[in-house]
Amino acid sequence: MNKNYDVIVIGGGHAGCEAATASANMGARTLLITMDMNKVGQMSCNPAVGGIAKGQIVREIDALGGQMGLVTDATAIQFRMLNRSKGPAVWSPRAQCDRGKFIWEWRKVLDETANLDIWQDQVEELVVYEKLATKRVTGVKTIWGAEFNAPCVVLTAGTFLNGLMHIGRRMVKGGRIAEPAAERLTESITRHGIHSARMKTGTPVRIDKRSVHFEDMNQQDGEQDYHRFSFIGKPRPLPQLPCWECYTNPLVHETLRTGLADSPLYNGQIQSIGPRYCPSIETKLVTFPDREQHLLFLEPEGTDTNEMYLNGFSSSLPMDVQIAALKHIPALRDVKVYRPGYAIEYDFFDPTQLEHSLESKIIEGLFMAGQVNGTTGYEEAGGQGTVAGINAALKAGRYGCDNIATNGKERGNTMERERGISFGEERGGTLGKDEEVFTLARDEAYIGVLIDDLVTKGVDEPYRMFTSRAEYRILLRQDDADARLTERAYKLGLATRERYDWWMEKKERIEEIESFCDRYAIKPKLVNSALEALGSTPLQYGCKLTDLISRPELNFEKLEEVIPELKEMLNRTENRREEIAEAAEIRIKYKGYIEREKQVAEKMHRLENIKIRGHFDYENLNAISTEARQKLMKIQPETLAQASRIPGVSPSDINAMLVLMGR
């Protein structure tokens, strides 16, 4: 049994799977330790991927060479592009997935990833080397006595750290229903000075579809167009299934209220904070006492199962109360339940104790990703896992496994000696030569916004990404994630040559279409009758095709029937014509907004370039407010821009620091 690795990943959830494959694909010899190899990538709550802002994150993971988009496309049973009635800055893909097939598709990916081993076990101790003020991770120990060595460890334990499940007044230890909690691991980390706290999340009842009266529900179909999650994925292979809508009613609410005295959320049993944006049904009743109904979505769990997920009915009320309330919904009057909803409390670690690389500021070589950082959602976890896996591989590429045996006296690279290659060489990159640390800026990716929010502001409730959290939304569209990230991923050695070549081909085609539209002259007499038929104002003077496309009511689909040369240009694209046309059209329509936002982002980059860590003695900095001093002492921001985003640090505090730096 091999005991020495470059990177060890703890946990086989969405963060862990992305971290392990990213690390291994960059060439790092990686070990994934998971409690159950048959539940990797488990969708513990809703069997869906994407949604508002979350869909953008998945496309970014994919553009970086990650796996979530590919796995989702392969197992999707309903796809929708949300927010289509609004501008493309907030268009967000979402897919309902086959829960079981999602797991096995992930298992296939892991099994076929070179440099990646899997060990089924539970980690109970982080092994840390300490000398003077230095603390450095050197490996892990498991409950079965196995010990593994590595200079880098990525912790992605999800809700398993001292997990405690609640249904009414009953409490059972566990990280997920019917799965044990991870005990003692939190304590082995906190004893080194890393602070932990508790959070809560929940999940709804699961229903047997054979007991549902679908005739009393509203059917919600998916979309069958060209959109998908992966930029290199194939068309969805599985049959597409509908979701269903129904509502609660006063009788449902009255029944639920009878159980509030036994609700762990309101009887003092649960002290930790739950997700504000995904509240339980009992929280909805208490928060909105005058509302007579709440919308629910009944969603399929897969193509080969009768199990369905009741979105919007998350609960930890006693199971008999949950079931009795459901039977007052007409469509569920004969409902049969597979299991009730439940709440779960778990440990997380204050993310302000992390660098932007997601490496611990306290223990060198320890990276954290996912719910252990106070986030909620598969997508947020996967994005963090990708960044943590990349940075763990980068660090391992500099230090190597021999760092373990020699307590850091030698900084050898095991992989280069044993295989005679540089990290990532097979995938286009040379690890560690171009980047020592991989980070994403706020104008570069939603993942960058997510991580910056975590390490700069911290969390006081489970963090969920929204488009409103990003100040550069028009630059972070779902359609252009590959434009933002694929070339960086290829240089790292993470993106494949196939992915890179496709992006370069797509980039060239988009630029050709833009150039054609900028040059093509429109004569009013040839198009005015068509413009009037399309509900658009006729031209008084000639213009360029770009000017017509910029009109809100016009698009390529309408204009190519009027302008044969445009249709010919669009048809030159043999591969994924619609995707390329959409990307080019968005860039033309929103060019002014995009350029303006780039200018705003560039101004902020000037502050990003001003390094301040180590330059100020905040405790004695009387020129700024007391609150700012306290926050700056805690966070120790790297740059002035990061300092400006810390709650409690005002613009006047930033100006004072600029003046002091000028002196």
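These numbers come from the heavy atoms of this one structure, side chains and all, not from hydrogens, waters or symmetry mates.
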> Are Val387 and Ile447 close enough that some pair of their side-chain heavy atoms sits under 4.5 Å apart?
Replying inline: yes
>> Using 30° and 60° as the class boundaries, would you call the ring planes of Phe102 and His14 parallel, tilted or perpendicular?
In response: tilted
> Quick one: ring pair (Phe, Tyr, Trp, His ring centres under 6.0 Å) partners of Phe214, sequence neighbours excluded?
Replying inline: Trp244
> Restricting to pairs with a member in residues 173-183, which pass side chain to side chain donor-acceptor pair (under 3.5 Å), not counting sequence neighbours?
Replying inline: Lys39-Glu179, Ser44-Arg176, Lys173-Glu183, Arg176-Glu179
> Residues in side chain to side chain donor-acceptor pair (under 3.5 Å) with His213, at least two apart?
Replying inline: Glu215, Arg333, Asp334
>> Quiz question: by atom type and distance under 3.5 Å, do the side chains of Glu124 and Thr142 form a donor-acceptor pair?
In response: no
> Quick one: do Asp452 and Arg442 make a salt bridge, cutoff under 4.0 Å?
Replying inline: yes
> Would you say the side-chain atoms of Asn373 and Gln371 include a donor-acceptor pair closer than 3.5 Å?
Replying inline: no
> Do the non-hydrogen side-chain atoms of Arg80 and Asp221 ever get within less than 4.5 Å of each other?
Replying inline: no
> Got a second to check how far Thr34's OG1 is from Ile118's CD1, nearest 0.5 Å?
Replying inline: 8.0 Å
> What residues form a side chain to side chain donor-acceptor pair (under 3.5 Å) with Glu444, not counting sequence neighbours?
Replying inline: Arg488
> Given Gln78 and Leu241, is the side chain to side chain contact (heavy atoms under 4.5 Å, CB included) satisfied, shown in steps?
Replying inline: CA-CA 6 Å; Gln78 188 190 94; Leu241 305 179; 5.8 Å; no
> Distance from Ile344 atom CD1 to Thr159 atom OG1, nearest 0.5 Å?
Replying inline: 4.0 Å
>> Any heavy-atom pair between the side chains of Leu185 and Val123 that's under 4.5 Å?
In response: yes
>> Looking at Ser357 and Glu355, would you say the former's side chain and the latter's main chain have a donor-acceptor pair under 3.5 Å?
In response: no
> Taking the six-membered ring of Tyr463 as reference, does the NZ or CZ atom of Arg469 fall below 6.0 Å from its centre and within a 45° cone about the axis?
Replying inline: yes
> What pairs with Glu301 under side chain to side chain donor-acceptor pair (under 3.5 Å), at least two apart in sequence or on another chain?
Replying inline: Arg99, Arg206
> Name the one of Thr156, Ile194, Val154 that satisfies side chain to side chain contact (heavy atoms under 4.5 Å, CB included) with Met368?
Replying inline: Ile194
> Quick one: CD on Gln219 to CG on Leu298, what's the gap to the nearest 0.5 Å?
Replying inline: 12.0 Å
>> Surrounding CD of Glu254 (heavy atoms of other residues, nucleotides or ligands, distance under 6.0 Å), is the total greater than 12?
In response: no
>> One pair to check against salt bridge (charged side-chain N to carboxylate O under 4.0 Å, His left out): Arg198 and Glu461. What are the steps and the verdict?
In response: CA-CA 10 Å; Arg198 299 282 279 176; Glu461 63 182 346; over 6 Å; no
> Roughly how far, to the nearest 0.5 Å, is CD1 of Ile10 from CG of Leu126?
Replying inline: 6.0 Å
> With sequence neighbours left out, which residue pairs that include part of residues 329-362 fulfil the ring-ring contact (aromatic ring centres under 6.0 Å, His included) condition?
Replying inline: none
> Do Ser315 and Glu282 have side-chain atoms, one donor and one acceptor, less than 3.5 Å apart?
Replying inline: yes
>> Under the side chain to side chain contact (heavy atoms under 4.5 Å, CB included) test against Pro204, which residue among Ser280, Cys45, Pro340 passes?
In response: Cys45
>> Please report the interatomic distance CG(Asp453) to OG1(Thr375), rounded to the nearest 0.5 Å.
In response: 12.0 Å
>> Among Arg59, Gln56, Arg477, Lys86, exactly one meets side chain to side chain donor-acceptor pair (under 3.5 Å) together with Ser92. Which residue is that?
In response: Gln56
> Glu245 versus Leu295: any side-chain heavy-atom pair under 4.5 Å?
Replying inline: yes
> Which ring-ring contact (aromatic ring centres under 6.0 Å, His included) pairs, counting each pair once, include a residue from residues 285-317, with sequence neighbours left out?
Replying inline: His253-His294
> Taking C-beta and beyond as the side chain, do Cys97 and Ile77 meet within less than 4.5 Å on heavy atoms?
Replying inline: no
> For Glu292, does the CD atom sit with more than 12 other heavy atoms under 6.0 Å from it, leaving out its own atoms?
Replying inline: no
> Any side-chain heavy-atom pair from Tyr446 and Thr467 closer than 4.5 angstrom?
Replying inline: yes
> Within 45° of the six-membered ring axis of Trp91 and under 6.0 Å from that ring's centre, is NZ or CZ of Arg84 located there?
Replying inline: yes
>> Applying ring pair (Phe, Tyr, Trp, His ring centres under 6.0 Å), can you list everything that pairs with Phe367, at least two apart in sequence or on another chain?
In response: none
> Is it true that Asp350 and Lys634 make a salt bridge, defined as a side-chain N closer than 4.0 Å to a carboxylate O?
Replying inline: yes
>> Run the side-chain contact (heavy atoms from CB on, under 4.5 Å) test against His195 and tell me which residues pass, sequence neighbours left out.
In response: Gln353
> ring-ring contact (aromatic ring centres under 6.0 Å, His included): which pairs involve residues 162-186, sequence neighbours left out?
Replying inline: none
> Between the side chains of Asn391 and Glu359, does any donor sit under 3.5 Å from an acceptor?
Replying inline: no
> Quick one: do the Gln642 and Thr456 side chains pair a donor with an acceptor below 3.5 Å?
Replying inline: yes
> Are Val137 and Ile8 close enough that some pair of their side-chain heavy atoms sits under 4.5 Å apart?
Replying inline: no
> With sequence neighbours excluded, what pairs up with Glu187 under the side chain to side chain donor-acceptor pair (under 3.5 Å) test?
Replying inline: Asn162
>> Strictly below 4.0 Å, N to O, side chains only: are Glu380 and Arg464 in salt-bridge contact?
In response: no
> Can Lys101 and Thr303 be said to form a side chain to side chain contact (heavy atoms under 4.5 Å, CB included), step by step?
Replying inline: CA-CA 9 Å; Lys101 291 181 175 64; Thr303 60; 3.1 Å; yes
> Could Lys200 and Glu345 be called an ion pair, given the rule that one side-chain N must be under 4.0 Å from one carboxylate O?
Replying inline: no
Show me the side-chain donor-acceptor pairs of residues 318-330 shorter than 3.5 Å, one per line, residues at least two apart or across chains.
{"unit_1": "Gln322", "atom_1": "OE1", "unit_2": "Gly341", "atom_2": "N", "d": "2.8"}
{"unit_1": "Gln322", "atom_1": "NE2", "unit_2": "Leu317", "atom_2": "O", "d": "2.8"}
{"unit_1": "Gln322", "atom_1": "NE2", "unit_2": "Gly341", "atom_2": "O", "d": "3.1"}
{"unit_1": "His328", "atom_1": "NE2", "unit_2": "Thr255", "atom_2": "OG1", "d": "3.3"}

> Within the distance-only criterion (no hydrogens, no angle test), does the side chain of Ser644 pair as donor or acceptor with the backbone N or O of Ala641 below 3.5 angstrom?
Replying inline: yes
>> Ignoring hydrogens and geometry beyond distance, is a side-chain donor-acceptor pair present between Asp98 and Thr75 at under 3.5 Å?
In response: no
>> Using side-chain heavy atoms (C-beta onward) and a distance below 4.5 Å, is Leu454 in contact with Gln384?
In response: yes
> For Met68 and Val49, what are the C-alpha separation, side-chain angles and deciding distance, and is it a side chain to side chain contact (heavy atoms under 4.5 Å, CB included)?
Replying inline: CA-CA 9 Å; Met68 185 178 284; Val49 169; 4.1 Å; yes
